[in-house]
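Inspection log for the structure reproduced underneath, given as structure tokens.
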Amino acid sequence: MTVTLQTMLQKVLVLTLLPLLTIGYEEHRLMHTTNNFQTDMTTLTIDFQDGFDKDSILCTVNELTVFNKKAVTTSKLTGLADSINIEVEKGNAHLEITIVNRNLSKLIKLNITEESYIGISLAGDSISYIRSAEPFGYG
């Protein structure tokens with residue numbers, strides 16, 4: 001088998017450049033993956049608004065506990081009892097609100113495509129909610 005000088009130079013060139021091409025691809029892949037990850041997440045704000053009076057609240061998003069507090073009471077001055085901001089994946093989500101001491105629960109099915117604001121209120125024996133693309137105003 002005869003190997004020409006040109007063939008040897010081609011092999012050396014390929015072996016020299018191959019790691020550089022791989023590094024460039026890996027950086028591109030990581031950047032692409034990172035950008036996809038960032039765009040697949042958004043903020044969900046849950047405000048506990050009217051009607052709370054020393055209530056124990058358990059709140060889950062997609063079966064993950066995101067809020068668990070006792071003695072939550074609505075401020076008469078602002079109309080707000082408490083609030084949480086969480087990062088969620090865009091897409092379908094199940095938000096479950098349980099008022100433990102009143103034996104009340106509500107499952108809210110959401111399709112989250114952008115930053116969202118949910119206002120939770122109590123009236124008698126029912127949990128109600130409103131959804132907004134803008135923050136609620138208080139006070």
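We number each residue from 1, following the sequence as shown.
- With Thr74 contributing its side chain and Phe52 its backbone, the two residues share a donor-acceptor pair below 3.5 Å.
- Ile86 and Ile112 fall within a single hydrophobic cluster, where Ile, Leu, Val, Met, Phe, Trp and Tyr are joined by side-chain heavy atoms under 4.5 Å apart, directly or via other members.
- Between Leu58 and Lys70 there is no side-chain heavy-atom pair separated by less than 4.5 Å.
- In terms of hydrophobic clustering, with Ile, Leu, Val, Met, Phe, Trp and Tyr side chains grouped at heavy-atom distances under 4.5 Å, Val72 and Ile127 are assigned to a common cluster.
- At least one side-chain heavy atom of Ile46 sits less than 4.5 Å from a side-chain heavy atom of Ile120.
- The two residues Leu95 and Cys59 have their closest heavy-atom pair at CD1-SG, 3.4 Å.
- Within a 6.0 Å sphere centred on CD of Glu63, other residues, nucleotides and ligands contribute 12 heavy atoms or fewer.
- Judged purely by atom type and a 3.5 angstrom limit, Thr73 uses its side chain to pair as donor or acceptor with the backbone of Lys54.
- When the salt bridge (Lys or Arg N to Asp or Glu O under 4.0 Å) test is applied to Lys69, the partners found at least two apart in sequence or on another chain are Asp82.
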Side chain to side chain contact (heavy atoms under 4.5 Å, CB included) evaluation trace for Arg102 with Asp53: CA-CA 11 Å; Arg102 297 189 195 201; Asp53 184 20; 4.2 Å; yes
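- The stretch residues 117-128 participates, sequence neighbours left out, in these side-chain hydrogen bond (donor to acceptor under 3.5 Å, both in side chains) pairs: Glu115-Tyr117.
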Side chain to side chain contact (heavy atoms under 4.5 Å, CB included) assessment of Leu122 paired with Leu104: CA-CA 10 Å; Leu122 290 176; Leu104 296 174; 4.3 Å; yes
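- Residues Asn62 and Ala93 approach most closely at OD1-CA, 3.3 Å, considering heavy atoms.
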CA sep, side-chain torsions, deciding dist, call: Asn85, Leu44, side chain to side chain contact (heavy atoms under 4.5 Å, CB included): CA-CA 6 Å; Asn85 298 308; Leu44 175 64; over 6 Å; no
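- Distance check, rounded to the nearest 0.5 Å: CG of Asn101 to CG of Asp55 gives 4.5 Å.
- The shortest distance between side-chain heavy atoms of His94 and Ile108 does not fall below 4.5 Å.
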Please tabulate, for side-chain N and O atoms in residues 129-139, each donor-acceptor pair with protein atoms closer than 3.5 Å (sequence neighbours left out).
{"residue": "Arg131", "atom": "NH1", "partner": "Asn111", "partner atom": "O", "Å": "3.4"}
{"residue": "Arg131", "atom": "NH2", "partner": "Asn111", "partner atom": "O", "Å": "3.0"}
{"residue": "Arg131", "atom": "NH2", "partner": "Ser116", "partner atom": "OG", "Å": "3.2"}
{"residue": "Ser132", "atom": "OG", "partner": "Glu134", "partner atom": "N", "Å": "2.9"}
{"residue": "Ser132", "atom": "OG", "partner": "Glu134", "partner atom": "O", "Å": "2.7"}
{"residue": "Tyr138", "atom": "OH", "partner": "Asp47", "partner atom": "OD2", "Å": "2.6"}
{"residue": "Tyr138", "atom": "OH", "partner": "Gln49", "partner atom": "NE2", "Å": "2.7"}

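- In the hydrophobic clustering, Leu77 connects to no other residue, as no ILVMFWY side-chain heavy atoms lie under 4.5 Å from its own.
- For residues 58-84, the ring-ring contact (aromatic ring centres under 6.0 Å, His included) pairs, not counting sequence neighbours, are Phe48-Phe67.
- In this structure Glu96 satisfies the side chain to side chain donor-acceptor pair (under 3.5 Å) test together with Ser105, sequence neighbours excluded.
- Between Asn92 and Leu110, the closest side-chain pair of non-hydrogen atoms is not below 4.5 Å.
- Using a 4.5 Å cut-off on side-chain heavy atoms (C-beta onward), Thr42 and Lys90 make contact.
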Side chain to side chain contact (heavy atoms under 4.5 Å, CB included) between Thr60 and Val66, intermediate numbers included: CA-CA 5 Å; Thr60 64; Val66 296; 5.9 Å; no
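- Between Val88 and Val61, some side-chain heavy-atom pair lies under the 4.5 Å cut-off.
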